[in-house]
Chemist: 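The structure is given below, and queries will be raised subsequently.
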Protein chains: 2
Amino acid sequence: MKGISIKDIAKQAGVSPTTVSFVLNGKAKEKRISDQVSKKIQKIAARLKYKPNQLARGLRTGKTKTIGLIVEDIANNFFASLAKVVEDEADKYGYKVLYGSTEDNTEKAKGLLEVLKYRQVDGYIITPTKNLDKEIELLETAAKPIVLMDRYFPHVNSHYVVLDNFKGAYDATSHLVKQGYKKIAIVTIASDQTQMKDRLDGYIAALKDHQVPFSKTLVKRLPFELDREKFNNEIKKFLTSVKGLDAVFFATNYLGIYGIESIRSLGWQIGKEIGLVGFDDHDLFRLHSPSITCVSQPIGEIGKKIVEVLMKELNQPSDVPQQIVLPPELIIRESSKLA
Amino acid sequence: MKGISIKDIAKQAGVSPTTVSFVLNGKAKEKRISDQVSKKIQKIAARLKYKPNQLARGLRTGKTKTIGLIVEDIANNFFASLAKVVEDEADKYGYKVLYGSTEDNTEKAKGLLEVLKYRQVDGYIITPTKNLDKEIELLETAAKPIVLMDRYFPHVNSHYVVLDNFKGAYDATSHLVKQGYKKIAIVTIASDQTQMKDRLDGYIAALKDHQVPFSKTLVKRLPFELDREKFNNEIKKFLTSVKGLDAVFFATNYLGIYGIESIRSLGWQIGKEIGLVGFDDHDLFRLHSPSITCVSQPIGEIGKKIVEVLMKELNQPSDVPQQIVLPPELIIRESSKLA
DNA sequence: ACGCTGGGCTAAATCGATATAGCATTTTTT
DNA sequence: AAAAAATGCTATATCGATTTAGCCCAGCGT
């Protein structure tokens with residue numbers, strides 16, 4: 001069951017494979033192939049349902065029409081939804097997607113990059129782990145475009161599409177303050193990457209701007225690798241340790257979920273006894289009782305922008321990095337209604 | 001920035017590319033290459049970090065070490081989680097995954113198959129849409145292994161890995177009966193595919209076995225393509241139309257979610273006024289108040305089996321189809337506690 | 001000394017598409 | 001009418017790895 005090759009068409013049309021190639025690549029005019037021959041070839045190609053062998057083409061041209069998508073965790077709702085958008089958008093340009101999850105593990109990320117590299121993807125969409133900056137810079141010298149997402153390296157001059165995480169956290173915290181909460185904590189991931197740093201900074205800035213006293217004891221930073229039980233235990237331990245605490249901002253979607261679980265197992269009333277804001281929207285946040293206020297990312301727009309940036313670079317690489325920061329939306333629900 | 005090729009190694013070792021190829025493919029013995037030369041080549045290859053160009057290899061051998069994964073919707077928690085398992089498992093065998101979502105649309109599915117075919121994937125993992133049986137059979141003649149998942153075609157003799165959907169629905173329904181619910185409805189997707197048919201059959205069989213009267217008015221079948229609002233409206237309309245209704249079984253994860261939303265907007269008390277069982281576990285089901293009883297699929301095991309079956313076929317195709325049916329687990333929570 | 005066997009390796013073809021260089025004609029220019 | 005230019009197409013090399021056929025040499029038997 002071999003496919004139709006350019007040779008088959010050439011034979012049927014009584015011309016050389018070269019001519020067929022020219023015609024099918026739209027170079028008929030440029031290469032001065034007559035309209036007659038050109039049309040004949042088109043017709044035969046259509047009739048035989050010719051599809052170029054991407055391997056052969058890729059081998060010769062170095063282009064595989066494939067992009068690599070590296071996310072933190074494809075099972076996480078945010079990344080899965082984004083992956084779908086990316087897939088759909090890429091498809092519009094004729095690109096397919098190879099994906100992988102890093103689990104926020106740099107070694108795994110390096111492994112993925114390695115594989116994608118020798119699979120010759122044309123470009124990369126990467127949710128970087130920390131310390132991946134070296135690899136990224138190295139990769140950039142290979143002239144394959146890279147678009148970072150969700151986070152980036154401030155000292156690396158790369159393309160990226162991210163959320164305005166500072167604003168997201170700032171708005172969330174300001175909202176809690178305005179609602180009347182007095183002592184607002186943040187539970188975040190122990191990471192110095194931009195997305196986490198910005199969220200923490202936004203939280204702190206909002207407190208400052210509203211003259212709410214800030215203290216380091218209000219910040220809990222947890223390692224990414226914990227399992228559910230450990231997350232819950234740590235969160236409970238922290239929440240009960242802060243005296244007078246009346247609101248908490250969870251800086252990632254899964255922390256929010258663990259947070260809800262923890263608070264409930266403590267028997268506290270979400271909203272009244274303790275205000276709560278999560279990150280990224282989720283069916284759980286929408287349908288929980290009480291429903292959960294959250295900072296929502298415009299997933300569709302993010303995905304579109306990512307692919308748009310990548311395609312632009314693929315077609316006409318520029319020296320100026322495209323750095324796009326999209327605004328979050330604060331979705332206000334019951335969990336941040338004091339009384 | 002070109003990669004290291006077999007020629008570079010050959011040059012450094014002072015042998016021909018052929019020899020290098022033999023050695024690196026483990027055919028040293030068979031092809032009678034001396035241990036000396038063999039070791040030398042190995043060493044050089046390791047030092048240069050040689051990685052074979054998959055395009056060139058694929059072009060020559062017809063094997064791309066890539067598998068195609070077609071799911072219904074990668075943004076759906078169940079499929080996303082499964083995709084991750086599949087990716088991890090496939091990686092162990094050195095395979096990468098190209099994926100796509102059908103949205104349960106046969107035309108989209110055909111398009112995906114087309115693309116994957118001319119991308120020369122070595123094998124397929126497919127969540128088929130209805131009427132895709134023709135394409136699947138056609139594809140099978142191409143000697144590329146195919147494993148169906150989640151659902152299958154009874155009249156097509158293919159490999160598959162699915163859940164025992166009948167048992168899942170049977171157990172869920174029996175559980176509701178034993179809890180004392182008297183009038184139990186089912187909300188499902190209007191689809192004649194096996195997974196949906198089996199769930200409906202399991203529901204009906206359980207009612208019969210427990211001598212609970214069944215009537216067609218207890219069954220609501222909704223089209224897949226509705227949006228959230230329409231789903232909610234339809235569900236509400238249905239639930240209020242059944243007199244004496246006191247429990248409902250939602251046959252897919254998203255229907256369960258819409259179900260919760262609908263019931264709440266009707267102001268009914270889940271558990272007491274209306275028993276509820278969902279399908280597939282979800283953070284929402286676990287953390288909802290009251291928590292939601294559901295039929296849970298063993299995602300890890302399913303993913304592992306799928307890849308295992310596919311790899312077996314890839315290495316030594318057999319005539320007997322491997323058809324695997326895994327047991328569901330009923331997770332009992334508060335939504336099915338009467339009083 | 002001649003043929004035969006087996007060990008150790010390599011030349012060349014191949015997969016399918018593309019890019020480069022260039023070969024006949026015909027047409028235009030001067 | 002000779003030179004130059006344009007037209008319309010093709011032969012061949014190439015991407016990198018694999019595979020087939022087979023070369024050369026040493027050692028063995030007779």
Side-chain angles (χ1 to χ4, degrees), chain A residues 1-42 44-45 48-66 94 117-122 143, chain B residues 1-42 44-45 48-66 94 117-120 122:
Chain A
M1 226 280 329
K2 328 194 313 152
I4 305 300
S5 91
I6 216 167
K7 273 187 201 161
D8 300 319
I9 299 179
K11 215 166 283 173
Q12 286 215 23
V15 298
S16 81
T18 308
T19 307
V20 177
S21 174
F22 286 156
V23 170
L24 296 181
N25 285 300
K27 298 189 182 163
K29 281 281 163 306
E30 180 190 340
K31 297 293 180 179
R32 299 172 316 216
I33 307 300
S34 68
D35 266 17
Q36 267 185 43
V37 172
S38 195
K39 285 210 179 109
K40 188 196 222 173
I41 290 174
Q42 305 266 23
I44 295 177
L48 300 184
K49 297 195 178 155
Y50 168 75
K51 294 273 186 279
N53 180 320
Q54 296 291 343
L55 296 180
R57 174 181 281 179
L59 180 58
R60 183 66 238 248
T61 62
K63 307 269 167 236
T64 54
K65 287 270 183 181
T66 305
K117 185 175 136 201
Y118 76 78
R119 292 255 169 185
Q120 327 242 123
V121 297
D122 295 341
Chain B
M1 229 280 329
K2 328 192 314 151
I4 306 298
S5 90
I6 218 167
K7 273 187 200 160
D8 301 318
I9 298 178
K11 217 167 280 172
Q12 285 216 22
V15 298
S16 79
T18 308
T19 308
V20 176
S21 173
F22 287 155
V23 170
L24 296 181
N25 284 300
K27 298 191 181 161
K29 282 280 162 311
E30 181 191 338
K31 297 295 180 177
R32 299 172 315 215
I33 306 299
S34 68
D35 266 18
Q36 267 185 41
V37 172
S38 195
K39 284 205 179 113
K40 190 197 221 171
I41 290 173
Q42 305 265 22
I44 296 177
L48 299 183
K49 297 195 180 154
Y50 168 74
K51 295 274 188 277
N53 180 320
Q54 297 290 343
L55 295 181
R57 175 181 281 181
L59 180 57
R60 183 66 238 248
T61 63
K63 308 266 167 238
T64 54
K65 287 267 180 185
T66 305
K117 183 174 139 201
Y118 78 78
R119 292 252 170 188
Q120 328 241 124
D122 295 341

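Chain A is the first sequence line, chain B the second, and so forth, proteins listed ahead of strands; every chain is numbered from 1.
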Chemist: OP1 or OP2 of D:dA17 less than 4.0 angstrom from a side-chain nitrogen or oxygen of B:Ser5, does that happen here?
Modeler: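 Yes, because at least one side-chain N or O of B:Ser5 sits under 4.0 Å from OP1 or OP2 of D:dA17.
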Chemist: Suppose we screen for side chain to side chain donor-acceptor pair (under 3.5 Å). Which residues come up paired with A:Gln42, at least two apart in sequence or across chains?
Modeler: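 For A:Gln42, no residue satisfies side chain to side chain donor-acceptor pair (under 3.5 Å) once neighbours in sequence are set aside.
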Chemist: With sequence neighbours left out, write down each residue that passes salt bridge (Lys or Arg N to Asp or Glu O under 4.0 Å) with B:Lys7, or none if nothing qualifies.
Modeler: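 Applying salt bridge (Lys or Arg N to Asp or Glu O under 4.0 Å) to B:Lys7 gives none.
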Chemist: With sequence neighbours excluded, what pairs up with B:Thr66 under the side chain to side chain donor-acceptor pair (under 3.5 Å) test?
Modeler: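 Only A:Arg119 meet the side chain to side chain donor-acceptor pair (under 3.5 Å) criterion with B:Thr66.
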Chemist: Applying side chain to side chain donor-acceptor pair (under 3.5 Å), which residue pairs with at least one partner in residues 14-24 of chain B are found, sequence neighbours left out?
Modeler: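 For residues 14-24 of chain B: B:Ser16-B:Thr19, B:Ser21-B:Asn25.
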Chemist: Report for the helix from C:dA1-D:dT30 to C:dT30-D:dA1: angle between first-end and last-end helix axes, five pairs each, rounded to 10 degrees.
Modeler: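 The angle separating the two end axes equals 60°.
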Chemist: Quick check on side-chain contact (heavy atoms from CB on, under 4.5 Å): which of A:Ile9, A:Ile44, A:Val20 does A:Val15 satisfy it with?
Modeler: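 Answer to the side-chain contact (heavy atoms from CB on, under 4.5 Å) test with A:Val15 among A:Ile9, A:Ile44, A:Val20: A:Val20.
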Chemist: Please enumerate all residues that pass side chain to side chain donor-acceptor pair (under 3.5 Å) together with B:Ser5, with sequence neighbours excluded.
Modeler: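 In terms of side chain to side chain donor-acceptor pair (under 3.5 Å), with neighbours along the sequence ignored, B:Ser5 is linked to no residue.
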Chemist: How would you list, by chain and number, every residue that makes a salt bridge (Lys or Arg N to Asp or Glu O under 4.0 Å) with A:Lys11, sequence neighbours excluded?
Modeler: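 Residues passing salt bridge (Lys or Arg N to Asp or Glu O under 4.0 Å) with A:Lys11: none at all.
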Chemist: Tell me what A:Lys29 touches on the nucleic acid: a base, only sugar-phosphate, or nothing, going by heavy atoms under 4.0 Å.
Modeler: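 A:Lys29: no heavy atom of the nucleic acid under 4.0 Å.
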Chemist: Residues in side chain to side chain donor-acceptor pair (under 3.5 Å) with B:Arg57, at least two apart?
Modeler: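 Side chain to side chain donor-acceptor pair (under 3.5 Å) check on B:Arg57 returns nothing, list empty.
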Chemist: Does any donor-acceptor pair link the side chain of B:Thr18 with the base of D:dT19 at a separation under 3.5 Å?
Modeler: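 Yes, the side chain and the base share a sub-3.5 Å donor-acceptor pair.
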Chemist: Would you tell me if any nitrogen or oxygen in the side chain of B:Tyr50 comes within less than 4.0 Å of OP1 or OP2 on D:dA17?
Modeler: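 It does, given that an N or O in the side chain of B:Tyr50 lies less than 4.0 Å from OP1 or OP2 of D:dA17.
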Chemist: Going by salt bridge (Lys or Arg N to Asp or Glu O under 4.0 Å), name the residues that satisfy it together with B:Lys29, two or more places apart in sequence or in a different chain.
Modeler: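 In terms of salt bridge (Lys or Arg N to Asp or Glu O under 4.0 Å), with neighbours along the sequence ignored, B:Lys29 is linked to B:Asp35.
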Chemist: Taking only residues two or more places apart in sequence, or in another chain, which ones meet B:Ala56 in a side chain to side chain contact (heavy atoms under 4.5 Å, CB included)?
Modeler: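 Applying side chain to side chain contact (heavy atoms under 4.5 Å, CB included) to B:Ala56 gives A:Leu59, B:Asn53.
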Chemist: Are any protein N/O atoms closer than 3.5 Å to N/O atoms in nucleotides 5-9 of chain C? If there are, list each pair with its distance.
Modeler:
residue : atom : partner : partner atom : Å
C:dG8   : N7   : B:Arg32 : NE           : 3.3
C:dG8   : N7   : B:Arg32 : NH2          : 3.1
C:dG8   : O6   : B:Arg32 : NH2          : 3.3
C:dC9   : OP1  : B:Ser34 : OG           : 3.3
C:dC9   : OP2  : B:Ser34 : N            : 2.5
C:dC9   : OP2  : B:Ser34 : OG           : 3.1

Chemist: Contacts to DNA chain C from residues 56-64 of chain B, heavy-atom cutoff under 4.0 Å, which residues?
Modeler: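 Of all residues in residues 56-64 of chain B, the ones placing a heavy atom under 4.0 Å from DNA chain C are B:Leu59, B:Arg60.
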